[in-house]
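Structure record follows, encoded as structure tokens.
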Number of protein chains: 2
Amino acid sequence: MVRKLNDALSVDCVILGFDGKDLNVLLIDRRFYEGEKLLWEDKSLTGNHIYEDEDIDVAASRILIDWIGINNIYLEQFHTFGEPDRVNRPHDRQWIAASGRNPDTRIISVGYVALLPTVQLDSNLKLHENVRWYNIDSATNLAFDHDLILDTALKYIRHKIELDPSAGFALLPEKFTLTQLQNMYESVFKVSYDKRNFRRKAIKVGYMEPLEEWQGGRTNKPAQLYRYNQERYDVLQKNGRLSSIF
Amino acid sequence: MVRKLNDALSVDCVILGFDGKDLNVLLIDRRFYEGEKLLWEDKSLTGNHIYEDEDIDVAASRILIDWIGINNIYLEQFHTFGEPDRVNRPHDRQWIAASGRNPDTRIISVGYVALLPTVQLDSNLKLHENVRWYNIDSATNLAFDHDLILDTALKYIRHKIELDPSAGFALLPEKFTLTQLQNMYESVFKVSYDKRNFRRKAIKVGYMEPLEEWQGGRTNKPAQLYRYNQERYDVLQKNGRLSSIF
DNA sequence: TCGTGTTGGTGTCAAAATGACACTTATAAT
DNA sequence: ATTATAAGTGTCATTTTGACACCAACACGA
């Protein structure tokens, strides 16, 4: 059986990665050539159309596999974009026509966010040479309506982490330092916290366990590593004892 | 120009109303007849397919007009439902076939929540005699996957109000008592609060103004009326002085 | 090996917020 | 006048917050 893609329905994935200091987004370089000559270029989110018989969540997962080679990471739908003229700018029409589709077809896109620590992709990023991490602040002037999609994803993920701190740990490696945790909160929420107060609160929430391990390989005092404990988190949540926000 | 409905894409609206004591949802009675004989009945959310050239938000607004006659109320997209077999139960297939559509067409539905005080519809509810408010706890065994859609909407709206208390006032009439406010929070979040502590906090947040008006027409002490003040809320939010959660 | 640069890590105190708790008041109906 | 019902109010002990400055550990280069 031949699977048919639905021309009118697509999925876009906003893949967010935290590197210990800053928040990044994975973007594809989109280059438009006329013969040999580069006419223009910009960047776009990862996305694709979905198959007629395919679950939307599964399509999002498939896009992760296609672009970054893994899909066992945090992935969640956040919004659907359906303005009738959302892909109507000249470059976008040119691009769609060049890839053999009809630029007049209205496309509705379901947005998903994926979260992971950037290090998790260090070896996989060679899969596609035109895919790279971009600092979140430099990700502007994107293809289609991807500025809007990215912005909506960021708002969504802020809300999500505020309500459900466990989501934030998807941005951190299994073992992390409290400074990395603080940087993560600071770059997601674009605020800054007092170091001592932040650490006091982080330790008190009760779902991070200090390990007897220290982060080495640096030119200064090694930092103690911590690990997020899902079971403790679940118990605290069930008992209504979750103190959520930093 | 004849407008064409998109068979594969629909919008469902979860219309939630608060009556001062309980949370309610607006449902349509769905009755299936064979000739004169009622074969089965259940209830469904309000929804419809969208036009090919229609913005999704506009389609949701249109559905409100169709079913309740107004659309100047809180309305927000919350999730898109796209499991390939989401409308595959026997009754649902029977219903779709009887209305002249192909039950094998996969339908993707974008979910919207609307919020309003039930009193706002007292005069409009005659529009359709098969539409009624149902207590949120009695709204089960709905048509299609509407149990899931309703449940997702409730979770969404809890999160929304928790993060952005202003949304909660969409459930209250312009002038409300603190007891109504407390009931609203208690029924949305399914918890209970200490009356004195609740009122202390409600007054301290600073975006509700007490009026020199009292709610009459009841058999006991009249309650003072309050009004939500959007401007004060915006100022507090901008200054980061919003204390959000009850 | 000593100094320097850099990040990790720690405690106190005053102010504010929270949570627990019980009685009086105003009204309409009888 | 009595009754039933929901409105409205204050205190105190405990917990949480926010402001604030210095020493410790390591790698590197002089």
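Atom set for the values below is all heavy atoms of this structure, side chains included, hydrogens, waters and symmetry mates excluded. Please read all numbers here as calculations on a predicted model, not as lab measurements.
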Do you know which of A:Ile136, A:Leu16, A:Asp19 makes side-chain contact (heavy atoms from CB on, under 4.5 Å) with A:Asn24?
A:Asp19
[X] side-chain proximity, nearest of [options]:
| X | options | value |
| --- | --- | --- |
| B:Lys204 | D:dG8, C:dT18, C:dG8 | C:dT18 |
| A:Arg199 | D:dG8, C:dT10, C:dG19 | C:dT10 |
| B:Asp194 | C:dT7, D:dA7, C:dC21 | C:dC21 |

Return the value, rounded to whole Å, for the distance between atom [atom1] of [X] and atom [atom2] of [N].
| X | N | atom1 | atom2 | value |
| --- | --- | --- | --- | --- |
| B:Arg196 | C:dA20 | CZ | C1' | 8 Å |
| A:Leu178 | C:dT7 | CG | P | 16 Å |
| B:Arg241 | D:dT17 | CZ | P | 16 Å |
| A:Gln224 | D:dA25 | CD | P | 13 Å |
| B:Gln215 | D:dA7 | CD | P | 8 Å |
| B:Lys195 | C:dT24 | NZ | C1' | 11 Å |
| B:Tyr193 | D:dA7 | OH | C1' | 20 Å |
| B:Arg200 | C:dT18 | CZ | C1' | 6 Å |

Enumerate the protein-to-nucleotides 3-6 of chain C contacts in which both atoms are nitrogen or oxygen and the separation is below 3.5 Å.
{"from": "C:dG5", "atom 1": "N2", "to": "A:Thr219", "atom 2": "O", "distance (Å)": "2.8"}

Does A:Lys43 come within less than 4.0 Å of A:Asp29, counting only side-chain N to carboxylate O?
no
Any B:Lys201 side-chain nitrogen or oxygen under 4.0 Å from OP1 or OP2 of C:dT18
yes
C:dG8 phosphate, OP1 or OP2, under 4.0 Å from A:Thr179 side-chain N/O:
yes
Classify the angle between the aromatic ring planes of B:Tyr228 and B:Phe169 as parallel (below 30°), tilted (30 to 60°) or perpendicular (above 60°).
parallel
According to the interplanar angle, ranging from 0 to 90°, do the rings of B:Trp67 and B:His128 count as parallel (below 30°), tilted (30 to 60°) or perpendicular (above 60°)?
tilted
Any chance you could lay out the side chain to side chain contact (heavy atoms under 4.5 Å, CB included) test for B:Tyr185 and B:Ile161, step after step, and finish with the verdict?
CA-CA 9 Å; B:Tyr185 270 91; B:Ile161 293 178; 3.9 Å; yes
Any idea which heavy atoms bring B:Gly17 and B:Trp133 closest together, and the distance?
N-CZ3, 3.4 Å
Between B:Phe144 and B:Arg30, is there a cation-pi geometry (under 6.0 Å to ring centre, at most 45° from the normal)?
yes
